[in-house]
Every structure is written in C-alpha cells, then in structure tokens.
Amino acid sequence: MPAVPDKPTLDGIDATWAQRWADEGAYQFDRDAERGEVFSIDTPPLTVSGSLHIGHVFSFTHTDTVARFHRMRGKSVFYPMGWDDNGLPTERRVQNYYGVRCDPSLPYDAEFEPPEIPDRTHLPVSRRNFVELCERLTAVDEQAFEAVWRRLGLSVDWRHYYTTIDERSRRTSQAAFLRNLARGEAYQQEAPTLWDVDDRTAVAQAEMEDRDVPGAYHLLAFGRGDVAGDIVIDTTRPELVPSCVALVAHPSDARYQPLFGSTATTPLFGVEVPVVAHELADPDKGTGVAMICTFGDVTDVTWWRELQLPTRAVIGRDGRFAAATPEWITTERGRGAYAELAGKTVKQAHGRLVELLRDSGELRGEPRPISHPVKFYERGSRPLEIVTSRQWYIRNGGRDAVLRERFVDRGRELTWYPGFMRHRYENWVGGLNGDWLISRQRFFGVPFPLWYRLGADGDVDYDDPIAPDEASLPIDPSSEVPPGFTADQRGQPGGFIGDPDVMDTWATSSLTPQIAGGWIDDPDLFARVFPMDLRPQAHDIIRTWLFGAIVRSDLEHGTLPWGNAAISGWILDPDRKKMSKSKGNVVTPMSLLEQHGADAVRYWAAAARPGVDTAFDESQMKIGRRLATKILNVTKFVLSLGEPSADASARSVSEPLDRAMLTRLAGVVEEATSSFEAFDYARALERTEAFFWWFCDDHVELVKSRAYGARGDGPSASAIVALRTALSALHRLLAPILPFVTDEVWSWWHTGSIHRVPWPGPAEVAPSTPEDPAVIDVVGEVLAHVRRRKTEAKLSQRASVERLTVAAPAEFLAALTRGEGDLRAAGGVVDLELRENGEGVVIEVVLAAPDG
RNA sequence: GGGCGCGUAGCUCAGUUGGUUAGAGCGCCACCUUGACACGGUGGAAGUCGCAUGUUCGAGUCAUGUCGUGCCCACCA
C-alpha cells in the first residue's frame, strides 16, 4: 500500500491506472454468474470511419458510470465492445484512403498492394482485394478507438470484442437471416425502390432524410389528341416527361371529371397516356392535375401500383438517362427529343429538356423557382431516384397493421430513459410505409448466404433459393459452391449463381445482442446475458438500430432484446448549434483527455442530465478537475489524522456533529443508489458532489480542531472515525464517475482496486444513534455570521471572537448547544451567550481587537 | 399539419409526488496565505422562475391557452 504522497497530484494518474487496469485484466465478466447476478449491456458498435467524436466520449461515459455502479453492487457486468466496420462508410473511406474502387468482375490478385500515393482515378480492384483493404484499414482505426476508450477509463471487458464484419457476426447475421427466410419473415421482391445513384445501391426508409433544395415549377401543356385545347400540368421534374404513363386528378374535381377516361399526349414525345382519377391527387396543388411518371416520387409508385399503370423507366441505376431510345416513344419528333437526353445525368437532362419545351412552346410561362423538400440518402449528396430492382426485405410491420401494432407494443414494454423518447419510436413505427429493405448492392458487408439455380435457358430461378446448412456458416456464395454443384457450373445454364448482394449494416448490427452474447456459438453465455439489461444509444438511431433490434429479437426469440433503453443526447456547439463534424474533429477526444484528464472529461459528461442535448463546455471539465484535486487533498488530510486505536470503545462516534454528518451521508447514499438504479448518473453525481463540498467546506472545518485533539481523545476519535467513514463512502460514491482519482486515493489506505469493492449502503455509514442533521445547519448558520463579521471587519478568519451572543427560539438553542464545543473551536469564540427569543434568530458578534 | 423537448441569476444548468425568505457552478466584486488544498478559502452583488388565465389555503412545480426555440414524423405533382 503506497503511503500518502506529500504533494498529491493528478498528473500522470490516468496513464498509470489505465495501464494497471489493462495489465490486471480488470473488469472481466465472470461467466459463471447466473442471469440474475449479471448486468449486461448492449454496447453501440461505433462506425469506424476514421475518428472518434466528442459526442461518443459523452455517451460512452454515461454507460460506463452505470456499468461501474452495477459492478460495485455485486453484479457480474457483461460489457462488451464492438465496432461497426462493415458497410458504406468504410468502403468510402477505403476508396479515398487507398485510391481504389471495387470492380467485382476482376480476378483476385494475391500480390496486390495499394499505391503509395492514392490514385485519383481510383484504381479498380477485385472484390476480394477490396474487402482485404477494408479489413486492413479498419484494423488500424479500431486500435486507435480502443486506445481512446482505455484512456477514458471505460470498464469494458476487451475479451468480449466484436466487429460487425468478423466471422461470428457474419455467422450470426446469416443464420438469423436464414431463419427469417424459413419462417417467411424475409422475402425477395422486384419492385420500385429508393436508389442512391452515386453509391449505386438501394437504401431503406430509415436511412432517408428530407433536405430543402431549390427547384422550380414548370407548367407543361399536354395535347388532347383530336380535341382542341391543352391540359396544363405543373411539375418540378419536367425531365420525367418521357416516363409519363398517365395524368391524374381528384375524382371529385369538376374541372377534370369530363376528361377521365380520355387520353392526352405528352409534350415533345407525343406518347398517348390516359387521364385517370385518384384520391391522392390534390386539387389545390399546381393545376390540380399531375403527371404520373415511373418514377418521380413515392406517390407515383402508389398510383402506378393501384391504377395498374405500365412501367416506363428512363433513369438507370447510374442516374443517367438510358442510352437507347425507349420503344414507347414512337414519333419522329419524340425520338429526336429523346436522343438529346440519352446518356445525360438527371440534372443535365432537366436543363436540356426545359430548353426543348420552351422552344416548342409547350412550356407555358417561365419556371417559378421554389425551395422544396427532396429525399436524400442520409450519407448521399444527390437526390434519390426510384428504380425497379430485386431486393430482400424483412417484415417489420410496414405493410401489416397487426404486426406494426405488435412492435409498437414491444416499445411500450421497454423502459425508456428518459421516458419521452418512446414517442419517437412510436412515431416512427406508426409511420412505416414499407417493409425493411436489407439488401445493398455493395461489397464490404455480410453476403446473403444463398445461391440460385439457373435454368437450361440461363434464366435465374429466384423463387427456390439454395440455402447452406447453418453449421457451414458463414459462407460467401460468390466463392463457395452450393451442395450438389461444382465450381465450374457457376453462371452456366443448368448451374447456379450466388446472390450478389450484401446485407445492409443495420441488418447485422440489429443483432448485436445476439452477436456479443454468443447466440449461435456460445448458448451457455447467451443464457446468462440475454435478454440484456441495458441498451444505451443516441436518439437519432432509434428508427434504425433500436427498432431493428426489437424486430429481430421479437421474430427470433419472441422477447425484447433488453429491458431498458437509455437514450443519450447530442453534443452541441457552445453556441447551441448541433456540433458539426469538422468542429468536433478539431477538438479530438484524445487531446481533451490529455489537456483536462479523463476524470475531468467524464465529470463534464456525467453532469449532463440523461437524454438532454448538452453544450460542449470545457469550463465544466475544469470544475471536474477541481473536484478531483479536492478529493486528493481532503483524503490526504483525513488520512493524516491517523487511525484511532482499534479498541471498540475508543472508536465510537459520540459527538452530535459527527453523527449528524453521517446521518446526512446515509441519505445521500440512498439517493445516489436509487438514482444510479434508474440510470440517472447525473443525479447521483449532483447529490454526492453537493454533499462532498459541504463535507469539505463546512463539516471538516467545524471538526478540524477537535480532530487534532482540542477537546481530548474521545471527541477526537469520534471526529476521526466519522471522517474516515465518510471518506470511504465518498470515494466509492464517486468511483463510477471519477474512476482514476478514486482508485488513486483508495490505494493510499486499502489494497485492491476500489472498483471491486462493494458499493456503500446507508446502514454502513449511518451512526448507531441517528442525529438530526439540522444540528450542523444550526451551527453552520451561526458560524457563517461569525465569518461574515470577520470578513466585514477585514480580519482573518482565525481572529478570535471575544463574545458571541445568540438569541433564538429554544429549539434552535438546543441544537446549537449540541454543537457548542465545535462552534467555539471553529469560530475562535471566547465567550458564548445563549438567550431564548421566540421572535427569531439574532446573532451578535463582538470581535477582539486585532493584536499587532 | 401531427408529435416530443426546452424556455429559472450575465453564462451553463439543478429544482422527484405543489409547502416556509427560489438553488449550484462559472463569471464579477471585496477580503483571507488559517497546522489537506492558492488547481485553495470566506463573504457579497445579481432572478417579475417566457407570458396570460385557471385549480388550490398555497404554483417555478398542476391544467388550459399563448409566444419563443429546438428536434422527430408527415406533406414532396
């Protein structure tokens, strides 16, 4: 046990203790523990995209305080750590970092090394080479992340570590998918889907966001065939005229009722389309009649489906207009116009088509600029298009009201912290309008573990996929061969092909409780940790990660994946704007930890109410550091008083002030405990901290001279025993928040880490005879008067008081009398006169003349 | 348009079931080097608790309305 240092300091303790915890393998989960003795946490696997944000430090600290609390409460804490490395963010980072792009048609090159200087033209590499580069880069990033987490003091069991692309994740994800498929919960469908033309993949509803972008309304004239006159429609996307399949108006719209059942011809292209009626057409929008295109937006998809209209797509998966003129454009003029658009991007085609329409006179008036919301992939930079493609879906209630209600009910079964976050969940689930699209046309992800037979004509039979044995998972259908086939049958008539797609990263990360808990490969572990106790996460991913996990767990296990969800807030700039990525990256977590110390950074995080958006505030970190320093100093002081003799009678807390302090402390212990149980680390900290400062500033000052022996051995021992009891409890109450400094001071007077000792209970600190804490307040009030007078008289607080007169109600005097000795000592009071006064408290202080 | 937060001292925020003169920290002012701590301590100035009605003996706390602010969802011709 190291002695108390002469000059305690926080310098260097972070590195010392982080290293010791790593060396000792602290915080290991005891896997012999039964479920009831376990506290399990479904840690968010962070996207490994290069750097940690201060917001991550914020929310992960919250979780760690709760983990440490439960560990001290005697639970075996299952606290794994995962990285979400599969998926698009990694692919993009690899493309830029190494200057490559994936071309699945290329063969694997075992000798491949990326260029030293990233190639701006993005060197094409095989899928396997690309995946290897992804793995190489994420490994580097993951090490950097782990270093920050260790420095921050997260009490993670690093043996329970996973990444969403590792073998176990792939096996788990594929097994869960195959079971969904077997039960009919997963299905494949060729349908219009939202499509990102830059990443060339389908995206899910949950990954879309609206952005306001500039646009313009264009009035376009449709011909009436033989009949004179035009039908004028208003559109923001005139470039979609070639894919127009109908015009639509509301059934009750008298202006257009005569036209229902007749046809119109599209401007420039001269294609004849029907005029139809549908409830979704809004008479108040534009001219009241709209063109239906395949597909301009999701309403078009609804109309197309419900009115059974033909499909006339012109925009390809690359976001460009098809090179070949569509066969439905038959007029010479129309084919000439289309030739002007072929191969152009949507934006280019838009510009050219407006020119053509203006020249032909079919554009009426000038475009009227507006700003309107347009759907984007949340990570994308161009608007989403809608293209028809074959995709995998998991039923999530988006097309089934009964199932949707079941998931809403699951959300109600879950305990939310803070409670109002449940509304976001219900809002989202209630508003679903389609099933969960899980397939992505990408490369670095978990492959769909399926093959398809090829007919004699080479046609793919999607209806009867070949699934592997669960025991053989994970598999890659693009390199492995299904049972009963040989490798040379791949792609041949009568042979097979592998499913080319990968699962979206959310489809895998929705299984983090199953992955971390060992559902597939360690059922014994799984039984001890699942359903988990806590899911900590931010509110922006309620609709993705949280909802996905509930869906998967409900479908597979018929239960919630966890009992509690603790939702953290955002970190905002000091000016209350959402902290931008660039800004957040300027202040890196590591630099903050180095500048302020881990405990100080943790203090800032833990001082924020759960779920509340919080300003980035370095001054809070300074306060945290001040608290840590105070802990060092007050510990040094209390321990310097020595230990009273072991004789039980000499160890009794006999003095009223000491008992009052401990009685108050017992209340604080109770409050801190119940707060932590409700995941309210902030309240636990606030109560403990308030007591701690009061303890240092008032109680210690009051009993100091008695502790030194001013009133004899008994009263001195009482003070010392009470101080040490309080100190021990305070160290432990603060340990979850400030693990470094508390382990440091604990080591001065104990062997073993504070993080493995029991959390204090009220009974442990409460005195055998309780004392009303008001005794200290009364003494404190009088002492404050004395101090004020000394300050007013510009005297030192050590100046003595010749006479102190207190006139007060009997009750007040009685309490004061119980602390009289300490009051005299602390205030330097020579004469104390007490007088009963029912009117109120009047205090007179006569100061001694300053001597020399 | 629907939903959910938030609005308390110059700043950042606490104020759990309504209960005596509304709290903390930072900042500001004055003072104190006192046998743990100057990375300290003592004291002070500073608030019509967004506004309005209502319920109540009593409202920062409950209800209704209103204003401001932020987020989520929907609308996207």
Side-chain angles (χ1 to χ4, degrees), chain A residues 4 6-10 209-210 212-213 215 217-218 220 233-237 240 247-249 280-282 285-293 296-300 303 370 372-375 418-433 539-540 542-543 569-570 572 574 576-578 607-609 611-615 617 619-620 622-623 625-641 671 674-675 678 680 682-683 686-687 689-690 693 696-697 700-701 704-705 708 783-799 828:
Chain A
V4 180
D6 285 337
K7 203 79 178 129
T9 175
L10 297 174
E209 65 183 23
D210 287 351
D212 269 316
V213 297
Y217 279 115
H218 303 71
L220 304 184
I233 63 105
D234 218 358
T235 181
T236 57
R237 298 201 63 182
L240 288 177
L247 296 184
V248 65
L280 277 180
D282 184 347
K285 271 189 190 154
T287 60
V289 60
M291 66 173 180
I292 301 176
C293 306
D297 60 35
V298 289
T299 316
D300 280 341
W303 281 325
I370 53 156
H372 64 150
V374 174
K375 290 194 188 309
F420 65 78
M421 287 294 180
R422 198 190 72 216
H423 294 290
R424 295 195 179 215
Y425 175 87
E426 291 192 10
N427 225 330
W428 175 255
V429 179
L432 287 171
N433 55 31
H539 52 64
D540 56 329
I542 288 174
R543 67 187 194 176
W570 290 97
L572 308 173
R576 308 301 297 168
K577 298 259 168 50
K578 186 181 162 188
R609 249 58 209 176
V612 173
D613 291 348
T614 302
D617 185 3
S619 69
Q620 275 297 110
K622 297 198 173 102
I623 296 164
R625 189 167 177 91
R626 198 168 71 104
L627 174 62
T629 304
K630 195 72 175 180
I631 292 169
L632 290 178
N633 285 310
V634 78
T635 302
K636 180 189 167 198
F637 168 70
V638 171
L639 297 184
S640 73
L641 295 170
E671 268 198 284
S674 60
S675 298
D680 194 347
R683 189 180 186 80
E686 189 227 313
R687 292 308 150 108
E689 188 190 10
W693 283 106
C696 292
D697 295 345
V700 168
E701 291 303 324
K704 193 187 251 179
S705 51
Y708 280 128
L783 189 62
H785 266 269
V786 172
R787 283 171 172 165
R788 200 172 303 129
R789 283 303 314 280
K790 288 179 182 175
T791 300
E792 281 163 10
K794 299 188 191 265
L795 288 175
S796 156
Q797 292 297 328
R798 296 190 78 189

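Chain naming here is simple, since letters A, B, ... match the order of the sequence lines and numbering starts at 1 in each.
B:G54 and B:A59: their P atoms are spaced 12 Å apart (whole Å). Taking the C1' atoms as reference points, B:G2 lies 30 Å from B:U16, given to the whole Å. Here the separation of B:U61 from B:C6, taken at their P atoms, is 13 Å to the nearest Å. Look at the C1' atom in both B:U33 and B:U12: the space between them is 31 Å, to the nearest Å. Spacing of C1' atoms, B:G7 relative to B:U48, comes out at 16 Å, to the nearest Å. B:G60 sits 14 Å from B:A9 when the C1' atoms are compared, rounded to a whole Å. Distance noted for atom P between B:C13 and B:C71: 16 Å (whole Å). Going from the P atom of B:C11 to that of B:G50 covers 14 Å, rounded to whole Å.
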Give RNA chain B the dot-bracket treatment, 5' to 3': Watson-Crick (N1-N3 with N6-O4 or O6-N4) or G-U (N1-O2, O6-N3) under 3.5 Å, [ ] crossing, | other strand.
(((((((..((((.....[...)))).(((((.......))))).....(((((..]....))))))))))))....
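Take A:S674 and apply the side chain to side chain donor-acceptor pair (under 3.5 Å) test, not counting sequence neighbours, and it matches no residue. Residues satisfying the ring-ring contact (aromatic ring centres under 6.0 Å, His included) test with A:H539, not counting sequence neighbours, are A:W570. With sequence neighbours excluded, the residues forming a side-chain contact (heavy atoms from CB on, under 4.5 Å) with A:R422 are A:R412, A:W416, A:E426, listed by chain and number. Applying the side-chain contact (heavy atoms from CB on, under 4.5 Å) test to A:L280 and every residue at least two apart in sequence or in another chain returns A:H278, A:T299, A:T302, A:W303. For A:D680, the side chain to side chain donor-acceptor pair (under 3.5 Å) test picks out no residue, with sequence neighbours left out. Checked against side-chain contact (heavy atoms from CB on, under 4.5 Å), A:A249 has the following partners two or more places apart in sequence or in another chain: A:Y256, A:F260, A:V289. By the side chain to side chain donor-acceptor pair (under 3.5 Å) test, A:E701 is found to be paired with no residue, residues two or more places apart in sequence or in another chain being considered. Under the side chain to side chain donor-acceptor pair (under 3.5 Å) criterion, A:R237 pairs with A:E239, A:E385, sequence neighbours left out.
A straight line from CZ of A:R609 to C1' of B:G15 spans 9 Å, rounded to a whole angstrom. A:H785 has its NE2 atom 16 Å from the P atom of B:U42, to the nearest Å. In this structure, the CG atom of A:D613 is 10 Å from the P atom of B:C72, given to the nearest Å. Residue A:E671 contributes atom CD, which lies 12 Å from atom C1' of B:G15 at whole-angstrom precision. The nearest whole Å value for the distance from the CD atom in A:Q620 to the P atom in B:G27 is 11 Å. Look at CD on A:E209: it is 12 Å from P on B:A74, rounded to the nearest Å.
Residue A:I623 has its side chain nearest to B:G25 when only B:G25, B:U12, B:G15 are considered.
Here CE of A:M291 is found 5.5 Å from CG of A:L240. Values are rounded to the nearest 0.5 Å. Put simply, CG on A:D300 and CD1 on A:I292 are 6.5 Å apart, with the number rounded to the nearest 0.5 Å. Within the model, atoms CZ of A:R626 and OG1 of A:T629 stand 9.5 Å from one another, a figure rounded to the nearest 0.5 Å.
Among the protein residues, A:C696 comes within range of the nucleic acid bases, having at least one heavy atom under 4.0 Å from a base atom. Counting non-hydrogen atoms under 4.0 angstrom, A:V612 reaches nothing in the nucleic acid. A:R687 comes within contact range of at least one nucleobase, with a heavy-atom separation under 4.0 Å.
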Show each protein N/O and nucleotides 37-40 of chain B N/O combination with a separation under 3.5 Å, one pair to a line.
residue : atom : partner : partner atom : Å
B:C37   : O4'  : A:N633  : OD1          : 3.4
B:C37   : O2'  : A:N633  : ND2          : 3.2
B:C37   : O2   : A:K630  : NZ           : 2.7
B:C37   : N3   : A:K630  : NZ           : 3.1
B:C39   : O2   : A:T629  : OG1          : 3.3
B:G40   : O3'  : A:K630  : NZ           : 3.3

N/O-N/O pairs, protein side and nucleotides 2-10 of chain B side, under 3.5 Å:
residue : atom : partner : partner atom : Å
B:G2    : N2   : A:N427  : ND2          : 3.3

Below 3.5 Å is the cut-off: list the nitrogen or oxygen pairs between protein and nucleotides 75-77 of chain B, distance only.
residue : atom : partner : partner atom : Å
B:C75   : O2'  : A:K285  : NZ           : 3.4
B:C75   : N4   : A:D210  : OD2          : 3.0
B:C76   : O5'  : A:K285  : NZ           : 3.2
B:C76   : O2   : A:P373  : O            : 2.1
B:C76   : N4   : A:D210  : OD2          : 3.4
B:C76   : N4   : A:K375  : NZ           : 2.2
B:A77   : OP1  : A:T236  : OG1          : 3.4
B:A77   : OP1  : A:H372  : ND1          : 3.3
B:A77   : OP2  : A:Y217  : OH           : 3.1
B:A77   : O3'  : A:D234  : O            : 2.7
B:A77   : O3'  : A:T235  : N            : 3.3
B:A77   : O3'  : A:T236  : N            : 2.9
B:A77   : O2'  : A:D234  : O            : 2.7
B:A77   : N6   : A:D282  : N            : 2.8
B:A77   : N6   : A:D282  : O            : 3.2
B:A77   : N1   : A:D282  : N            : 3.0

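A:F637 approaches A:V700 most closely through the heavy-atom pair CE2-CG1, 3.4 Å.
Using a 4.5 Å heavy-atom cutoff, the side chains of A:H218 and A:T236 are not in contact.
Between A:K630 and A:E689, no side-chain nitrogen of the basic residue sits less than 4.0 Å from a carboxylate oxygen of the acidic one, so the salt-bridge criterion is not met.
For A:K285 and A:Y217, the positive end is not near the middle of the six-membered ring at less than 6.0 Å and at most 45° from its axis.
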